[in-house]
Every structure is written in C-alpha cells, then in structure tokens.
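First listed ligand is number 1; within each ligand, the first listed atom is number 1. Worth knowing before you read on, the calculation uses all heavy atoms, side chains too, and leaves out hydrogens, waters and symmetry mates.
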Amino acid sequence: MEAEITLAVVESATEDWKKYSRCDALIVGAGPSGLTAAKYLAEKGIKTLVLERRLSLGGGIGGGGMLFHKVVAEKDVKDILDDFKIRYQERRGFLVVDAAEFVAKLASGCIDSGAQIIQGVSVEDVIFREDPLRITGVCIQWSAVNLANLHVDPVFIESKAVVDATGHAAEVVSVAAKKVPLNVSVIGERSAYSEVAEKLIVEKTGKVVDGLYATGMAVASLYNLPRMGPIFGGMLKSGKKVAEIIARDLGKL
Ligand code: 48H
C-alpha cells in the first residue's frame with residue numbers, strides 16, 4: 001500500500017511537470033499581483049503556471065499592516081475584489097480586507113480559473129535567445145536545495161511569457177539585467193508616497209523585453225517608483241493589466 005501512496009503522488013506530480021515544462025505564461029511569485037495575473041490569464045484559456053518559492057501563498061498579504069490582520073485597497077478595485085468574491089468593509093475612504101480571506105480567495109480564484117500553482121520552487125535564472133533578443137523561459141530549483149546550500153544544477157521551464165511578480169526584490173528582472181544584454185538596470189524602489197505610488201506602478205506595468213514582463217512591486221524596483229505600505233489595489237490592477245498585455249501579445253484577447 002505504501003508504495004501505491006508514493007506512486008500516486010509522484011505520477012500525478014510528474015504529469016503536471018510534463019504538462020507545464022512548456023507553458024504560455026509563467027508567473028514567478030504567488031503574491032497579490034502574480035495570483036491576479038494568473039487568474040485573468042488562465043480564464044482566457046492561456047496555459048498558466050505559478051511558481052512560488054515558499055510553502056505559503058499570498059506573498060506580503062498575510063502579515064497585513066505590521067501584523068494587524070487587515071490591508072486596504074482603493075475603492076476602484078471593487079470589480080476585481082468581486083471577481084474573486086473577496087469581501088470588504090468601507091472605512092476612512094478605503095476598502096478594508098481581511099488578510100487571510102484575501103490570500104485564500106486570490107489563490108482559489110486563480111486555481112478555479114485553471115492556473116496551476118506549484119510551491120517550494122525558486123526561479124534562479126532566465127533562458128534567453130538573441131537576434132532578436134528575447135526571454136524564452138527560466139531555470140528552476142527546489143527552494144529546499146537552495147536553503148540547504150547544495151550545489152545542484154537546475155532544470156528549465158520554457159514559456160512564451162515570463163512574469164516577474166517577485167515583489168520588492170524584482171528577482172527575475174534583476175538576474176536578467178545582470179546576465180542578459182537587456183540594457184535595463186534595477187535601481188530599487190523609492191521611499192513611501194502612497195498617493196502616487198499605485199498609479200505609477202500600474203502605468204509602468206508591462207513588457208520589459210520580449211518574453212519578460214513585470215507586475216506588482218517588482219515594477220517599483222525596476223523603475224525607481226515609491227512604495228505605498230499595506231494598500232493593495234495597485235497590486236491587483238497591475239496583475240490584471242499584465243494579464244491583458246500578455247493575452248494581447250499571445251493573440252488571445
Ligand atoms: C519563486 C519567488 C521568487 C523566486 C520571490 O512580495 P509579494 O507579495 O509581491 P507583489 O508585488 O505581488 O505584492 C507586493 C506586496 O505584497 C507588498 O509587498 C507591498 C504592497 N508593499 C508596499 C510597501 O510599501 O512595502 O509576493 C512575491 C512572491 C513571494 O511569495 C515570494 O516568496 C515569491 O514571490 N518569490 N518565487 N522564485 N525567485 N522571489
């Protein structure tokens with residue numbers, strides 16, 4: 001019987017890895033921007049994989065504002081919250097959302113739309129091609145291997161679109177900026193200026209180079225835009241916008 005348990009787990013997981021070793025959209029990071037992007041991509045029939053380094057979803061949401069278990073959003077994201085069936089209270093001009101509900105429903109909305117999420121996997125590098133220059137996928141490793149500091153070679157996922165949704169660190173764009181002749185440098189984010197930060201991030205969300213896109217706080221780090229604290233509407237709008245741009249680029253609008 002125990003061997004059957006092993007085989008059931010390994011065979012089923014292997015089927016997923018086979019299916020997603022080539023995908024249409026690969027989202028790196030299961031924070032608010034990545035999960036939102038994944039839902040809107042998958043519901044258009046785009047084969048979408050989300051890879052998350054940690055064994056938890058939601059990125060920076062779970063800690064709320066300084067561990068108070070709530071975050072806020074501007075009122076103009078009611079439609080996105082409704083798409084995910086996330087409830088909110090109106091207070092002081094904002095929508096207040098419970099952090100646990102926010103994480104759970106973003107994740108379930110993304111999964112129910114047909115996206116695949118795999119946790120415990122880190123993206124450590126990109127794949128590129130020249131003439132014309134483009135990003136064609138990523139190098140991946142079990143997060144546990146990195147934590148154990150073992151020297152193990154990665155494997156690859158090919159994807160028509162790779163999305164950096166890694167938050168403040170902008171890890172995918174940063175590694176590409178260092179190792180691929182992109183002519184891009186990641187300067188890092190600016191100090192807080194909540195009034196303008198979200199709008200600027202949404203405006204600058206999009207393609208970095210063919211095949212590589214940025215969403216969420218990764219956009220702030222890439223373009224030296226201000227941070228905004230525990231207000232998440234911009235992350236949702238940025239995720240939705242990057243999904244629309246990719247769908248258009250893939251001819252799936
Ligand atoms: C696999 C990775 C890798 C990797 C990181 O930080 P996040 O929540 O990112 P966003 O941009 O969706 O949301 C940002 C928001 O949470 C936030 O921090 C805000 C609004 N801050 C404002 C302020 O003023 O501070 O999620 C990123 C996710 C995390 O779960 C990481 O574990 C994961 O990406 N990740 N996964 N491979 N190389 N790097």
Side-chain angles (χ1 to χ4, degrees), residues 26-40 49-67 70-74 77 80 94 97 99 102-103 106-107 110 117-126 137-147 154-155 157 159 162-176 178-179 186 188-202 204-205 212-223 225-243:
L26 171 67
I27 314 289
V28 186
S33 65
L35 291 172
T36 305
K39 174 195 165 57
Y40 290 116
L49 174 65
V50 181
L51 293 178
E52 168 53 50
R53 161 181 292 159
R54 293 189 275 187
L55 296 181
S56 60
L57 302 173
I61 297 173
M66 208 191 80
L67 290 183
K70 303 284 177 181
V71 297
V72 301
E74 303 266 17
V77 294
I80 303 181
F94 292 106
V97 179
F102 199 14
V103 172
L106 281 177
C110 163
I117 304 176
I118 301 180
Q119 300 176 102
V121 175
S122 295
V123 167
E124 58 175 45
D125 205 343
V126 295
V138 297
C139 307
I140 60 167
Q141 183 57 270
W142 302 118
S143 303
V145 166
N146 289 336
L147 284 168
V155 293
I157 302 282
S159 182
V162 173
V163 182
D164 187 334
T166 64
H168 296 263
E171 290 198 19
V172 184
V173 179
S174 296
V175 75
K178 277 194 207 106
K179 298 172 72 172
V186 181
E189 71 197 16
R190 288 192 198 193
S191 294
Y193 188 171
S194 309
E195 243 172 274
V196 299
E198 295 204 292
K199 186 171 161 282
L200 292 173
I201 286 174
V202 178
K204 298 290 262 176
T205 292
L212 178 61
Y213 301 77
T215 183
M217 285 309 287
V219 177
S221 295
L222 175 56
Y223 297 110
L225 307 178
R227 65 190 304 184
M228 73 296 285
I231 175 164
F232 280 77
M235 301 298 107
L236 305 185
K237 284 197 266 183
S238 172
K240 187 172 183 182
K241 181 177 174 188
V242 86

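Not a single heavy atom of A192 sits under 4.0 Å from any atom of ligand 1.
Among protein heavy atoms, atom 15 (C) of ligand 1 sits closest to F232 CE2, 3.6 Å. Closest to atom 8 (O) of ligand 1, if we only count protein heavy atoms, is G60 N, 2.8 Å. Nearest non-hydrogen protein atom to atom 2 (C) of ligand 1 is R53 CB, 3.8 Å. Annotation: atom 28 (C) of ligand 1 to nearest protein heavy atom, E52 OE1, 3.6 Å. The protein heavy atom nearest to atom 11 (O) of ligand 1 is M217 N, 2.8 Å. Of all protein heavy atoms, the one lying nearest to atom 5 (C) of ligand 1 is T166 CB, 3.5 Å. Of all protein heavy atoms, the one lying nearest to atom 34 (O) of ligand 1 is G29 CA, 3.1 Å.
The atoms of ligand 1 that sit less than 4.0 Å from any heavy atom of M235 are 11 (O), 13 (O), 14 (C). Of all the atoms in ligand 1, the ones that sit under 4.0 Å from a non-hydrogen atom of S33 are 10 (P), 11 (O), 12 (O). Listed by number with element, the atoms of ligand 1 under 4.0 angstrom from any heavy atom of G167 are 6 (O), 9 (O), 11 (O), 27 (C). Those atoms of ligand 1 that come under 4.0 Å of a heavy atom in G216, given as number and element, are 11 (O). Atoms of ligand 1 found under 4.0 Å from any heavy atom of V28, numbered from 1 in the order shown, are 1 (C), 4 (C), 37 (N). Applying the 4.0 Å criterion to heavy atoms of V121 picks out, from ligand 1, the atoms 1 (C). Counting the atoms of ligand 1 from 1 in the order shown, those under 4.0 Å from a heavy atom of M228 are 20 (C), 22 (C), 24 (O). Residue V123 has at least one heavy-atom neighbour below 4.0 Å for each of these atoms of ligand 1: 1 (C), 4 (C), 37 (N), 38 (N).
When non-hydrogen atoms are compared, ligand 1 lies under 4.0 Å from the backbone of A165 (N, CA, C, O) but not from its side chain. Contacts between L51 and ligand 1, counted as non-hydrogen atom pairs separated by less than 4.0 Å, involve the backbone only.
Nearest to atom 21 (N) of ligand 1 by heavy atom, out of E171, R227, E198, H168, is H168.
Taking NZ from K39 and CG from L236, the interatomic distance works out to 12.0 Å, rounded to the nearest 0.5 Å. Separation of atoms CD (Q119) and OG (S143) is listed at 10.0 Å; rounding is to 0.5 Å. Rounded to the nearest 0.5 Å, atoms CZ (R54) and OG (S122) are 10.5 Å apart.
In this structure, F232 and V97 have side chains that are not in contact, with every pair of non-hydrogen atoms separated by 4.5 Å or more. Using a 4.5 Å cut-off on side-chain heavy atoms (C-beta onward), I201 and M228 make contact. Using a 4.5 Å heavy-atom cutoff, the side chains of V121 and W142 are in contact. Taking 4.5 Å as the limit, some side-chain heavy atom of C110 sits within range of a side-chain heavy atom of I117. Between E171 and V28, every side-chain heavy-atom pair lies at or beyond the 4.5 Å cut-off. A heavy-atom distance below 4.5 Å is found between the side chains of V196 and P226.
We find that K237 and E74 are not joined by a salt bridge, their nearest charged nitrogen and carboxylate oxygen being 4.0 Å or further apart.
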Derivation of the side-chain hydrogen bond (donor to acceptor under 3.5 Å, both in side chains) call for T205 and T215: CA-CA 5 Å; T205 292; T215 183; 4.9 Å; no
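When all heavy atoms of G34 and A165 are compared, the closest pair comes out as CA-CB, 3.7 Å.
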